[in-house]
Amino acid sequence: THTSPLSQELEEARHWEGVRDLRPLNGNVRCWEGLLLPNNPPYNAGAFRFELTFSPNHPLAPPRATLRTPIYHPGVDLKGRVCQPLTSREHWAPTTRAIQVLQDLLLHLDSPDPQRVLRPDLARELQERPEEFRRQAEEHTRLHAEPRLDPSSP
């Protein structure tokens, strides 16, 4: 059977420890859903559901990552859109693998980058009142994020 390049990329990404429950949404291999598992506080208390949508012109056009779980983060807007230069038209390279997009996304969640801002108010808070930012982000994560527990553990 002929497997599409995206199916192969999905398999590759499934083996990475930064995601869980990665699968095609409604069986559509052009739209993936899964849970991202940040490594750093304040986000590592939860898991964040995301979608990665591939263009019909993949890999010539970049995919788009959207967070479905609300997150208190300067680089993610209220609609879950992510500031991700890697997937912008200017920076996208057809050789970039889906797993690299996910790794870049996770890195961005783990260490907010002042150059990648969609919510200037949160960026300012993070700079001027880091303790307050962290407290808010922790609370927000506690309220909104999904549990990280591995479903296969008892």
Side-chain angles (χ1 to χ4, degrees), residues 1-120 122-123 126 133 137-138 140-153:
T1 54
H2 173 72
T3 56
S4 74
L6 271 177
S7 307
Q8 290 162 356
E9 290 207 51
L10 181 65
E11 276 314 303
E12 175 185 41
R14 273 192 174 133
H15 292 295
W16 174 51
E17 70 283 353
V19 295
R20 207 182 75 214
D21 299 345
L22 187 61
R23 60 176 178 270
L25 192 60
N26 305 324
N28 175 3
V29 77
R30 272 216 210 99
C31 187
W32 301 358
E33 179 191 66
L35 289 170
L36 271 174
L37 307 171
N39 297 300
N40 297 344
Y43 308 112
N44 63 350
F48 294 84
R49 189 165 297 281
F50 69 91
E51 281 174 24
L52 190 61
T53 310
F54 296 89
S55 150
N57 304 325
H58 182 80
L60 300 177
R64 192 181 69 244
T66 314
L67 278 188
R68 291 282 165 236
T69 305
I71 188 169
Y72 194 86
H73 192 291
V76 184
D77 75 10
L78 294 167
K79 292 196 166 80
R81 287 180 298 222
V82 182
C83 182
Q84 197 169 27
L86 179 69
T87 60
S88 66
R89 296 210 178 277
E90 305 83 68
H91 296 99
W92 177 249
T95 50
T96 307
R97 316 275 303 165
I99 189 170
Q100 292 169 281
V101 174
L102 295 175
Q103 286 165 338
D104 176 72
L105 177 59
L106 189 67
L107 190 66
H108 183 35
L109 292 188
D110 273 338
S111 18
D113 176 348
Q115 302 308 306
R116 293 169 62 168
V117 169
L118 291 173
R119 296 176 69 185
L122 297 194
L126 177 58
F133 174 86
E138 272 170 8
H140 201 275
T141 299
R142 200 176 62 72
L143 290 172
H144 298 283
E146 303 199 20
R148 285 179 80 102
L149 295 173
D150 190 344
S152 61
S153 63

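Just the heavy atoms: all of them, side chains too, but no hydrogens, waters or symmetry mates, feed the values below. We number each residue from 1, following the sequence as shown.
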Quiz item: Quick one: CD1 on Ile99 to CG on Leu52, what's the gap to the nearest 0.5 Å?
Solution: 11.5 Å
Practice problem: Check the pair Leu109, Val76 against side-chain contact (heavy atoms from CB on, under 4.5 Å), reporting the backbone distance first and the verdict last. | Solution: CA-CA 9 Å; Leu109 292 188; Val76 184; 4.2 Å; yes
Quiz item: So how far is it from Thr96 OG1 to Asp104 CG, rounded to the nearest 0.5 Å?
Solution: 10.0 Å
Self-check item: Shortest non-hydrogen contact between Leu67 and Phe50, atoms and distance
Solution: CD2-CB, 3.8 Å
Practice problem: Could you grab the distance from atom CG of Leu10 to atom NE2 of His15, nearest 0.5 Å is fine? | Solution: 9.5 Å
Quiz item: Just wondering, do Leu37 and Trp16 contact through their side chains at under 4.5 Å, heavy atoms?
Solution: no
Practice problem: With side-chain contact (heavy atoms from CB on, under 4.5 Å) as the test, would you mind laying out the steps for Arg64 and Glu51 before giving the verdict? | Solution: CA-CA 8 Å; Arg64 192 181 69 244; Glu51 281 174 24; over 6 Å; no
Practice problem: Would you list the pairs meeting ring-ring contact (aromatic ring centres under 6.0 Å, His included) in which at least one residue belongs to residues 53-89, sequence neighbours left out? | Solution: Trp32-Phe54, Tyr43-His73, Phe54-His58, Tyr72-Phe133, Tyr72-His140, His73-His108
Self-check item: Backbone N/O of Gly75 and side chain of Arg116: donor-acceptor pair under 3.5 Å
Solution: no
Practice problem: Please name the pair of heavy atoms, one in Val82 and one in Ala65, separated by the smallest distance, quoted to 0.1 Å. | Solution: CG2-O, 3.9 Å
Self-check item: Atom of Cys31, atom of Thr53 and distance for their closest heavy-atom approach
Solution: SG-OG1, 3.9 Å
Quiz item: With no hydrogens and no angle check, is any side-chain donor or acceptor of Arg148 less than 3.5 Å from a backbone partner on Asn44?
Solution: yes
Self-check item: Qualifying residue for salt bridge (charged side-chain N to carboxylate O under 4.0 Å, His left out) with Glu146, from Arg20, Arg49, Arg68
Solution: Arg49
Quiz item: Taking only residues two or more places apart in sequence or in another chain, which ones pass side chain to side chain donor-acceptor pair (under 3.5 Å) with Asp110?
Solution: Asn39
Practice problem: Please name the pair of heavy atoms, one in Ser55 and one in Ala61, separated by the smallest distance, quoted to 0.1 Å. | Solution: OG-CB, 3.5 Å
Practice problem: Find out whether Leu78 and Arg119 are in side-chain contact, i.e. whether some heavy atom of one side chain is under 4.5 Å from a heavy atom of the other. | Solution: yes
Exercise. Mind listing the closest non-hydrogen atom pair of Thr66 and Lys79 along with its distance?
Key: CG2-O, 3.9 Å
Practice problem: Measure the CG-CD distance between Asp113 and Gln84 for me, rounded to the nearest 0.5 Å. | Solution: 12.0 Å
Quiz item: Of the non-hydrogen atoms in Leu122 and Pro74, which two are nearest, and what is the gap between them?
Solution: CB-CA, 4.0 Å
Quiz prompt | Spacing of Thr69 atom OG1 and His144 atom NE2 [to the nearest 0.5 Å] | solution = 10.0 Å
Self-check item: salt bridge (charged side-chain N to carboxylate O under 4.0 Å, His left out) contacts touching residues 81-96 (sequence neighbours left out)
Solution: Asp77-Arg81
